[in-house]
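Only one structure is covered here, and it is reproduced in the block below.
FYI, the numbering just counts along the sequence from 1.
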Amino acid sequence: MGSYLALERMLLLLCADLAIIVAAARIFGWLFARVGQPPVVGEILAGVILGPSIGGRLYPGAIQTMLTPQTSAVLSAIAQIGLVLLMLLIGLEFPFERLRDAARASVFVAIAGIAVPFAASYALAGWLYDISPVAAPELAFRLFFATAVSITAIPIMGRILMHTRLTRTRMGLTSITAAALDDVLGWILLGAVVAMTTHGRADLGSLARSLGGVAALGIAFWAAGRFGLSRLTIRRASSGGLTSGALAAVLIVVFLAATATNALGVFSIFGGFLCGIAGSFHRDLSEGIRASIGDLVAVLLLPIFFVFSGLRTDVGSLGSDPKLWMALGIVIVVACASKLGATALAARASGLPWKESLSIGLLMNTRALMALVVINVGADMGVISPAAFFWLVTMALFTTVVTTPILTRLYPSPEAAGGWGEATGSARAR
């Protein structure tokens, strides 16, 4: 009886938490969408307002009452499922028929987008550790900090490209391909950093097996989509979504792929992306999946992650120390200069025009989602200090906030993108 009552108590708090999170995410997401920003920015700020920065000061103890260790664990698990399904939806937008034309530039952009920001932020992190130390070794702090700055937010980039209808332009395809490569490198890098932090060294054999396993999975899913799924006839319900049987089959494959990539050390969410790549070859399947789960992911699952990250962000962690506030500005400048600058120059060196190159750099500079994943991992391991958590979350928000306004000014329509600027298929429909 006692365990049942405890479960009911947890469900009561969990349902209340979900109601508050969804309501806050919708309100703030709507407000920021009205001014041309991705709703994700409002969703993260909703968490900041509900968290210790504002809500914790107005209503002390409320966060601890509502977010118990049990409810936090459940919300975190739900958020991860949402990320897996979001990556599925992003992968469905991948136009492989044009990949060959973007491959060369994408490889250069991806390598520059990891190497230069990592080196620059690793060097900066030594000074940051001195002014905001943690119990963890300095090397662990520097590695986590550099990884968070280096990674690109492919899901957020995908949502921005879909919002601006630039997904199938040369610039959009080069960016999303480079971001996908960047994220593979980033996740492997994060796995190495976690291994070094936990065990004091990285197992190079394990890293090689991870990379080989992910490459094999990627080829397998591409082949399945290109030569298998493209020939299937998909039945769709009258609502436009998949039938219950087809949707169940899709979810089984997605979660099995997420399990496989997690076992390989590249994290579960990349499994969803591989499934999306396979599904992108079948238009009916892609549209059916989006119609079946798109709203659930956007309205419930994804906001949980964003709000949850905002709840952990405390503006008061910087206090009144001018060094900590100056460090915030330096982190943003170094992050933007190293990421945007390096990727734009790499795109230009690959033969793309300056306008497209700078736009690719701008998109690669978008970090919100993936950086938040790395930041939260570092915080959970006790490697990221509260001040560093605030610096990195603010940097991730800033690099996301500036992207859409500049991109829409540069490309008021898909035709303005040049190259392959036409809006096609589902992009036009949106």
Query - Check against side chain to side chain donor-acceptor pair (under 3.5 Å), Ser106 and Thr174 - result: CA-CA 5 Å; Ser106 298; Thr174 303; 4.6 Å; no
Query - Full working for side chain to side chain contact (heavy atoms under 4.5 Å, CB included) between Ile49 and Phe28 - result: CA-CA 10 Å; Ile49 292 171; Phe28 282 89; 3.3 Å; yes
Query raised in the report: Can you check side chain to side chain contact (heavy atoms under 4.5 Å, CB included) on Leu274 and Trp222, steps first, answer last?
Result: CA-CA 8 Å; Leu274 293 180; Trp222 174 83; over 6 Å; no
Report task. Carefully, step by step, assess Phe118 and Val149 under the rule side chain to side chain contact (heavy atoms under 4.5 Å, CB included). Result -> CA-CA 7 Å; Phe118 189 91; Val149 172; over 6 Å; no
Query raised in the report: Given Trp127 and Ile330, is the side chain to side chain contact (heavy atoms under 4.5 Å, CB included) satisfied, shown in steps?
Result: CA-CA 11 Å; Trp127 174 64; Ile330 295 174; 3.9 Å; yes
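Nearest heavy atom pair, residue Ala388 against residue Phe141, reads CB-CE1, 3.7 Å. Among all heavy-atom pairs drawn from Leu301 and Gly82, the shortest one is CB-CA, 3.5 Å. The two residues Tyr122 and Leu143 have their closest heavy-atom pair at CE1-CD2, 3.9 Å. Closest non-hydrogen pair, Leu407 versus Leu362, comes out as N-CD2, 4.1 Å. Contact between Met395 and Ile332 at its shortest, heavy atoms only, is CA-CG1, 4.1 Å. Between Ile375 and Val393, the shortest heavy-atom distance links the atoms CD1-N, 3.9 Å.
Under the 4.5 Å side-chain criterion, counting only non-hydrogen atoms from C-beta, Phe144 is in contact with Met381. Between Ile114 and Leu181 there is no side-chain heavy-atom pair separated by less than 4.5 Å. Ile81 is not listed as a side-chain neighbour of Ile78, based on a closest heavy-atom distance of 4.5 Å or more. Between Val250 and Leu285 there is a side-chain heavy-atom pair separated by less than 4.5 Å. Looking at Leu88 and Ile293, their side chains come closer than 4.5 Å, going by heavy atoms from C-beta outward. By the 4.5 Å heavy-atom criterion applied to side chains, Phe255 and Ser268 are not counted as neighbours. Put simply, the side chain of Thr177 does not reach to within 4.5 Å of the side chain of Val107, judged on heavy atoms. Between Val253 and Phe221 there is a side-chain heavy-atom pair separated by less than 4.5 Å.
Leu128 contributes atom CG, which lies 4.0 Å from atom CG of Leu124 (distance to the nearest 0.5 angstrom). Rounded to the nearest 0.5 angstrom, Ile360 CD1 and Phe108 CZ are separated by 13.5 Å. Of the inter-residue distances, the one linking Leu397 atom CG with Leu392 atom CG reads 11.5 Å to the nearest 0.5 angstrom. Atom CG in Leu11 sits 10.5 Å away from atom OG1 in Thr71 (nearest 0.5 Å). Here CD of Glu356 is found 10.5 Å from CG of Leu358. Values are rounded to the nearest 0.5 Å. Of the inter-residue distances, the one linking Met10 atom CE with Asp17 atom CG reads 10.5 Å to the nearest 0.5 angstrom.
Counting heavy-atom neighbours within 6.0 Å of Phe398 CZ, excluding the residue itself, gives a total of 12 or less. Counted within 6.0 Å of CG on Asp130, heavy atoms from surrounding residues, nucleotides or ligands total more than 12; the atom is thus considered enclosed.
Side chain of Ser280 to backbone of Leu92: no donor-acceptor contact under 3.5 angstrom is found. Using modelled atom types, no side-chain atom of Ser76 and backbone atom of Ser72 make a donor-acceptor pair closer than 3.5 Å. Checked by atom type and distance alone, the side chain of Thr399 pairs as donor or acceptor with a backbone atom of Ala396 at under 3.5 Å. Judged by distance alone, the side chain of Thr343 and the main-chain N or O of Met364 form no donor-acceptor pair under 3.5 Å. Without hydrogens or angle criteria, Lys355 side chain to Leu410 main chain gives a donor-acceptor distance under 3.5 Å.
Here salt bridge (charged side-chain N to carboxylate O under 4.0 Å, His left out) pairs that include residues 327-353, with residues two or more places apart or in two chains, are Asp182-Lys339. For the side-chain hydrogen bond (donor to acceptor under 3.5 Å, both in side chains) condition, the pairs that include at least one residue of residues 357-375, sequence neighbours left out, are Ser359-Tyr411, Asn365-Arg367, Thr366-Thr403.
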